[in-house]
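Everything below concerns the one structure shown next.
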Amino acid sequence: MDLADLQQYCAIPGCDFMQMLKRIVQPLIIEALSSMGVEQMPVEKMLQASRELDQGDLALPCFPFAKRLGMAPAEIAEQLAQHVADHPAIGEVSGVNGYLNIRANPKWIVEQLIEFGTQGSHPSPNRSVLIEHTSANPNGPFHVGRARNAILGDTLVRLHRLFGNNVTAEYYVDDMGKQVAVLAWALEHLSAEDVEAQLIGREPVNPSWKGKADHERVRWYQAAQALRQEKEGAEEIEKKIGFMVHASENGDEAVLASFQAAYQPVLEGMLSTLGRLGINFDRFTKESIFVTNGDVGRLMERLQSLEINGEADNGAQFLDLGARGLKGKTEFFYQRGDGSSLYATRDIAYHMWKWTQGGDLINVLGEDHKLQAKQVGMTLEELGEKRPEVVFYSFIKLPEGKMSTRRGNVVFMDDLLEEAKEQAAVVVRELRPHYDEEKISTIAEAVGTSAVRFNIIKVSPEKGFTFRWEDALTFEAGSAPFIMYSHTRACSIRKRVETEVAPIENILNGEIETQEHFSDGLITLLRVLAVHQDCVEKAVNDHRPHLFAEHMLHLANAYNAFYRDCHILTDGEVDKFYLWVSELARGIMKDGMEGLGLIAIEEM
RNA sequence: GGGCGUGUAGCACAGCUGGAUAAUGCACCGGCCUCCUAAGCCGGAGAUCGCGGGUUCGAAUCCUGCCACGCCCGCCA
């Protein structure tokens, strides 16, 4: 196979280096097998990335051939190794323990990296996606319990962008529910004194957040919630709030305006917290617009004409989704007896609108929304629309139990970030006593926020997560600072080469000559670089960012091995090839960190 | 009761489209700064993969039963 063939393989979407190698090796193995008398085996499926990296890059288990050949698998593997033809891409072929192991020729990997970069000639997918995430009710400060949605969602946004997709990050603002009504009622009816009287015994607002509306106004919300629990007066309050909710659901402009006045500053406070984590949105869509613009009304009419529609005694409308295979409680109510809409109904209208925006839809939701999401999805299909893709996650809880804004047992993200920064600053001061306070502050902020994000994104979303301060504030291997540190090493080398030798561009222009000798650290790094794009793709397509987080840990670790084995700058002399590898890795680390929302500082 | 999810070393966590000695970090033990930032590197010890059956040449992975934990099963949002 010559270069032209290789390029052809590279033009296949989703083709990374391991797949290229596989495509090269596969026919050679089929040939070798047939020379041994084995035909028509699904080699493509059997040939896999090796688990034992010491043994090779690709492995073919030979056990299934044993019966046909009447030989021991170990023997087959060994013989097969003899029969596989040479190829420049293949470094070594061996038969061990019944496995045929194929090692890529590091020189070949380097040639591919030089020719194509880590992305190969991978065409940018350029798919449009609308990712809706967070969408937390604007009734109080962002707490750690809500953070998983935001961090997961934002990382998905970033990874899609890294992959080349066109992303809109959207926040669906719940501006008409009971929670907002409670907030609006409280702000209108309670004085600051009333609120504090109600919240005696609870922690006061952290002085650091005085004047931040989310922290201030949540007190009103909590006071109102407490009042609603009381024996006296609760009924009256409930009536008023019910009236407001009702009015909002019927699209009452004045009530909606009062809601907005109540929640907007809170929302802005939450967004500033998210901004500190690098989380931003392209668009905010208010739930109420689908009521006021008539979409919800039209939707309910359409739903009523469906054959699975049913009506309760009081006139409430539902769909019998049992007829479409839903188990358990099959009645899905979308309209109250009084004709008003429900949250899910508005959500359906919202999704129909989202589909008109011209992109695939991805939602990030807590596991408590699973049933609801299923009902919404089934209804959308019933209407001839597509279902959105949904990424679910388990809740973050505290060691002492579930978090709740209402009850006030929460860890605020603002406090966590402040604490993270402080802890990081302690470490920087200790490790780099010569840095001035301004520099320490910049580094500590980057390290603190990155560590918080990474701590949450590195575990798979369906796994329950217990928040622990000591885990969130770990800055060692396995954390964001570990990745950041490897990157600063690469930056540091770059800086030294530039100041002590010459501008990098001058050194790296012209041919890069590969070396004949490849040390362990170099090979380790090349291998990780070779699978990078594949990791991005997998994380994006499977909605599993934690896989990419783990890959970045591997990359940082591999860079450290390379750093150990391959000295770039020795006595004022630059090893051009090593510098090229280092610069390639530096760029990939930087992009990858961007994809995870980690801040790629150059010194720490 | 029904649906969905989770259960892997002392702790945390990966692997789950079946394949080798179950990966990684913390904690623990030992080694490495006259050498590009030691937030690092190298080595060691530590696992009946919740429990029982089944399918298979081969099971943490698939099927099945059981146990434990979480979430959901509102004309709430």
Side-chain angles (χ1 to χ4, degrees), chain A residues 45-46 48 50-55 59-64 66-67 73 96-99 101 137 174 176-181 245 287 312-318 326-331 333-338 340 342-344 346-347 366-372 374 392 394-395 397 402 424 427-428 430-432 447 451 458-460 462-466 468 470-471 474-486 488-497 500 521 546-547 549-550 553-554 556-557 560-561 563-571 574 578-579 582 603-604:
Chain A
K45 233 187 137 187
M46 291 163 65
Q48 58 201 304
S50 185
R51 294 222 169 161
E52 306 295 310
L53 272 185
D54 309 340
Q55 300 289 350
L60 180 81
C62 296
F63 309 95
K67 213 174 255 177
V96 181
N97 295 341
Y99 288 84
N101 291 312
N137 286 324
D174 185 356
M176 54 189 307
K178 192 169 269 177
Q179 303 210 35
V180 197
V245 172
E287 186 180 341
D313 295 342
N314 66 349
Q317 304 292 318
F318 63 86
L326 186 71
K327 288 178 201 158
K329 186 187 181 273
T330 62
E331 292 171 351
F333 280 88
Y334 62 86
Q335 190 179 104
R336 291 197 186 92
D338 65 9
S340 62
L342 289 138
Y343 174 80
R346 286 166 241 142
D347 203 26
E367 60 180 342
D368 56 336
H369 281 68
K370 274 186 180 175
L371 176 60
Q372 173 109 83
K374 194 166 195 170
F392 293 105
S394 273
F395 290 117
K397 57 181 196 297
K402 209 173 154 183
V427 175
V428 184
E430 192 183 312
L431 263 27
R432 314 276 181 258
V447 167
K458 73 176 177 187
V459 325
S460 46
E462 64 274 15
K463 200 90 117 188
F465 190 105
T466 303
R468 290 185 188 85
E470 60 270 33
D471 293 343
T474 292
F475 303 140
E476 293 164 305
S479 70
F482 174 80
I483 299 168
M484 297 165 77
Y485 184 71
S486 295
T488 61
R489 280 179 148 178
C491 290
S492 168
I493 290 170
R494 179 189 173 82
K495 226 172 282 172
R496 285 191 68 141
V497 169
E500 293 176 25
H546 73 283
L547 297 177
E550 186 163 84
L553 246 18
H554 287 150
N557 192 249
N560 287 337
Y563 181 89
R564 175 195 68 213
D565 288 348
C566 306
H567 275 240
I568 292 164
L569 191 58
T570 325
D571 303 325
V574 173
Y578 288 165
L579 177 63
S582 179
E603 278 182 295
M604 63 186 278

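Because the structure is a prediction, the values reported are computed rather than measured. Note on naming: letters A, B, ... go to the chains in the order of the sequence lines (proteins, then strands), and numbering restarts at 1 for each one.
Using atom P as the reference point in both B:C16 and B:U55, the two lie 25 Å apart (nearest Å). Using P as the reference atom, B:G50 and B:A12 are 14 Å apart when rounded to the nearest Å.
Between A:H554 and B:A14 there is no side-chain N or O to OP1 or OP2 distance below 4.0 Å.
Among the protein residues, A:R346 comes within range of the sugar-phosphate backbone only, with heavy atoms under 4.0 Å from sugar or phosphate atoms but none that close to a base. A:Y563 comes within contact range of at least one nucleobase, with a heavy-atom separation under 4.0 Å.
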Pairs: protein N or O with nucleotides 56-64 of chain B N or O, under 3.5 Å:
unit_1, atom_1, unit_2, atom_2, d
B:A60, N6, A:R51, NH1, 2.8

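Of the candidate nucleotides B:C72, B:U8, B:A39, B:A39 has the atom nearest to the side chain of A:M604. In the set B:A20, B:C73, B:G25, the nucleotide with an atom closest to the side chain of A:A477 is B:G25. The side chain of A:R564 approaches B:C42 more closely than any other nucleotide in the set B:C42, B:G40, B:G5. Comparing B:U6, B:A20, B:G15 by their closest approach to the side chain of A:Q55 singles out B:A20.
For A:K374, the NZ atom is loosely surrounded, since the number of other residues' heavy atoms within 6.0 Å does not exceed 12.
In secondary-structure terms, RNA chain B builds stems of at least 3 consecutive Watson-Crick or G-U pairs, each pair having both distances under 3.5 Å, at B:1-7 with B:67-73, B:10-12 with B:24-26, B:28-32 with B:40-44, B:50-54 with B:62-66.
Under the stacking definition used here (centres under 5.5 Å, planes under 30°), the residue A:H567 fails to qualify as stacked on the base of B:C35.
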